[in-house]
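For reference, the structure is listed below as structure tokens.
Each chain gets a letter, A, B and so on, in the order its sequence line appears, and its residues count up from 1.
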Amino acid sequence: MRRACRFLPVILCLILPACSPPESSSATSSNAITDRGSDTLVNLALAWAETYAKIDPSVSISVSGGGSGVGITSLIEKTTDIANASRAIKPEEVQSAKDNGVEPMEFIVARDAIGVIVNPANPINQLTLQQVSDIYSGKTSNWKDLGGEDRPIVRVSREVTSGTHVYFLESVIRLGNSKDTTIFAADTLLLPSSEGIMSEVGQNPNAIGYDGLGYITPTVKKIRLSKDPAGPFIEPTVATALDGTYPISRDLYMYTNGEPTGKVKEYLDWILGPEGQKVVSDLGFVPIS
Amino acid sequence: MVRNRKLYEAIIQFLIRVCGYSAVLFVAAIFIFLLQAGLPALVEIAPSSLLGLRWYPITTQYGLLPLLYGSFIITFGAAIFSIPFGIATAVFIAEVAPRWMREVLKPFVEILAGLPSVVLGFLGYLVLAPLIRTTLNLPTGLTALTGSILLAAMALPTIVSVAEDALDAVPKSYRDGALALGATKWQTIWRVTLPAARSGVLTAVMLGVGRAIGETMAVMMVTGNAAQIRWDGLFYPARTMTATIAAEMGEVASGDVHYRVLFLIAIILFLITFIVNLIASSMLIRAKKRAERMLS
């Protein structure tokens, strides 16, 4: 009997916390900002938060990733102040936000060029968008059809939850044609992280991959791309993305619930201002002009 | 005084009973939640789509077969690697190794069980995947085989320690009897000790393989996650059910068709693990009964 008694406090400890009402992680207190979403934006968002902490130490900003969809879902469920997204919000998401009393407000905070990458040992240096599309849709399966070595092509992609995946599908594989229903070949590797893509493309001479410019490491080779088979073939850099000659770059977004107020507004104004945009180019992303 | 004690007794009894039932209650609650969240998928999506060969949620293609196949082939591979190796290790530790070696080996095997799967996953994609690609001359090293080897490494400690306990529980008189009849050490192990510990060893295998089916992180990192069915699938990328849930659950809005399909996958996984555990524990009970019969 005594023995059972000894366990009582333990059991109570386990049960009681569950009874308290769930805390809303939405930062209603004015000095804490939660910022959640796109993995493409997470490094940039962290750099912003760290730099901003020096400017206004009274604000604490917590940044986390998970994917653009995660961020937008959190915004809809009111568990984050700012949602980061590497794609624009979908009409369905706007609808479910409105059903939940959330009015998503869009800010374009930076631009990102998408680089197509191969192993440094691959002799291919340039491709047209049509060729990249054919590779990923499964029409081209050997490097020798593109003038390379006789090797099978291993297609590497981010997971389907990634905004980068969706952007690549719409703008490269379908070449911006919204009626096109081509999708990734079934044997495309779907890797959960940018690091996974860099490590696979970096060590496998058969592989081709893509990722945001800010995530491409020197262990892989960037391919020069062109819309037109006649060229010119443009290397992905911040400069070519800025002047619009590089064919695949996209906007990166932040969403808030309604017009931002207080500290969130100050923070977003700072991001869109010269100091925030300097952080953007420091990290290899493309600032908005 | 006496009444007080009775009241006290009743309260304690009640609490203990609640604890006992709670385990069942939790499992039932989880299952009901899964059914509620996942079953509508069967109505919302045509069966022909669910039985399709393509999993690509962006274009609402929800074919579950490649995911089932991926989980199956990786688990099958893991079983092939881990069962012979695990049982042999258990036999070595329990029957062959000298006492001091046994005392060193056992804790080490148990430490192996405590390795976080993410660590193994990292080792897998940094070391094992390139090695598999170059030695087997495959297009990529992120294959079902790589996942199988990692899962085997994860299932091994479970198999070894449970099987070793089962072998240890075989009465010494069995071995003495066999040896007295002139059997060699190997004959004793193969014909007497192992068959006597059979159900315990089978339980070990079931628990190990059960762990392999449910494993997520390491598999997600090394198998390439391409949902495809091919006869030589072990040597090509595969996508498991667990990796699919882990990778996609964050993206979906609750109540969405995609969300329901992910829960449907969870139901399938739950049923598979449930059946594996059921078989394992029924074997354990049978083993106990036989031991009791022998003693009486």
Side-chain angles (χ1 to χ4, degrees), chain A residues 1-5 7-8 11 14-15 65-74 76-77 90 92-93 95-97 100 141 151-163 165-166 169-170 181-193 195-196 199-200 202-207, chain B residues 5 8-9 11-13 15-16 18-19 22 53-59 61 63 66 121-122 125-126 129-131 133-134 137-143 216-217 220-230 233 236-239 243-244 246-256 258-259:
Chain A
M1 221 41 11
R2 280 272 153 77
R3 216 176 254 179
C5 228
F7 289 118
L8 242 166
I11 295 164
L14 288 173
I15 295 170
S68 303
V70 175
I72 291 171
T73 308
S74 310
I76 295 171
E77 286 163 0
K90 296 179 206 156
E92 309 89 273
E93 287 168 334
Q95 192 52 51
S96 71
N100 220 2
S141 292
R151 287 177 173 284
I153 296 178
V154 172
R155 308 166 186 91
V156 182
S157 162
R158 291 286 310 276
E159 264 292 350
V160 292
T161 49
S162 148
H165 178 107
V166 177
L169 175 72
E170 286 167 357
T181 54
T182 318
I183 54 173
F184 282 85
D187 61 0
T188 307
L189 305 190
L190 299 173
L191 302 187
S193 64
E195 292 77 45
S199 106
E200 173 66 6
Q203 58 87 8
N204 187 347
N206 305 322
Chain B
R5 237 156 89 181
Y8 189 68
E9 188 94 342
I11 291 172
I12 291 296
Q13 252 185 21
L15 276 176
I16 290 174
V18 166
C19 292
S22 67
L53 296 178
R54 188 70 210 260
W55 173 266
Y56 196 67
I58 293 177
T59 52
Q61 282 163 282
F122 254 110
Y125 92 60
L126 291 180
L131 193 74
R133 179 175 64 79
T134 46
N137 198 21
L138 294 171
T140 173
L142 301 173
T143 61
T216 312
M217 273 317 292
M220 201 162 131
M221 292 164 86
V222 300
T223 58
N225 303 324
Q228 53 179 345
I229 298 182
R230 47 191 304 165
Y236 288 88
R239 189 177 183 89
T244 305
E248 296 172 18
M249 196 49 105
E251 164 81 353
V252 298
S254 64
D256 192 52
H258 187 188
Y259 170 92

Original post:
Closest approach of A/His165 and B/Tyr56, non-hydrogen atoms and distance?
Top reply: NE2-OH, 2.8 Å
Original post:
B/Gln61 versus chain A, heavy atoms under 4.5 Å apart: side chain, backbone, both or neither?
Top reply: side chain
Subject >> Short N-O contact, A/Glu200 and B/Arg133, less than 4.0 angstrom >> reply: no
Subject >> Check: B/Pro139 main-chain N/O paired with A/Asn204 side-chain donor or acceptor under 3.5 Å >> reply: yes
**OP:** Identify which of A/Thr188, A/Leu191, A/Ile183 forms the greatest number of heavy-atom pairs closer than 4.5 Å to chain B.
**Re:** A/Ile183
**OP:** Side chain from CB out, backbone as N, CA, C, O: work out which of these in A/Glu195 comes under 4.5 Å of a heavy atom of chain B, or both, or neither.
**Re:** both
Original post:
Can you say whether B/Thr140 sits under 4.5 Å from chain A via the side chain, the backbone, both, or neither, judging by heavy atoms?
Top reply: both
**OP:** Would you mind checking which part of A/Leu169 comes under 4.5 Å of any heavy atom in chain B, side chain (CB onward), backbone (N, CA, C, O), both or neither?
**Re:** side chain
Subject >> Region of A/Ala186 that comes under 4.5 Å of a non-hydrogen atom in chain B >> reply: both
Subject >> Side chain proximity check, A/Val154 to B/Pro237, heavy atoms < 4.5 angstrom >> reply: no
**OP:** Identify which of B/Gly141, B/Ala227, B/Gly224 forms the greatest number of heavy-atom pairs closer than 4.5 Å to chain A.
**Re:** B/Gly224
**OP:** Mind checking the CE-CG spacing from B/Met220 to A/Leu190? Nearest 0.5 Å is all I need.
**Re:** 10.5 Å
Original post:
If you tally heavy-atom pairs under 4.5 Å against chain A, which of B/Ile11, B/Leu53, B/Thr59, B/Leu142 wins?
Top reply: B/Leu142
**OP:** Just jot down the salt bridge (Lys or Arg N to Asp or Glu O under 4.0 Å) partners of B/Arg230, sequence neighbours excluded, or say none.
**Re:** B/Asp232
Original post:
Which answer fits A/Gln203, side chain, backbone, both or neither, if we ask what part of it has an atom under 4.5 Å from a heavy atom of chain B?
Top reply: both
Subject >> Part of A/Ser199 within contact of chain B (heavy atom distance under 4.5 Å) >> reply: side chain
Original post:
Is it the side chain or the backbone of B/Ile229 that comes within 4.5 Å of chain A heavy atoms, both, or neither?
Top reply: neither
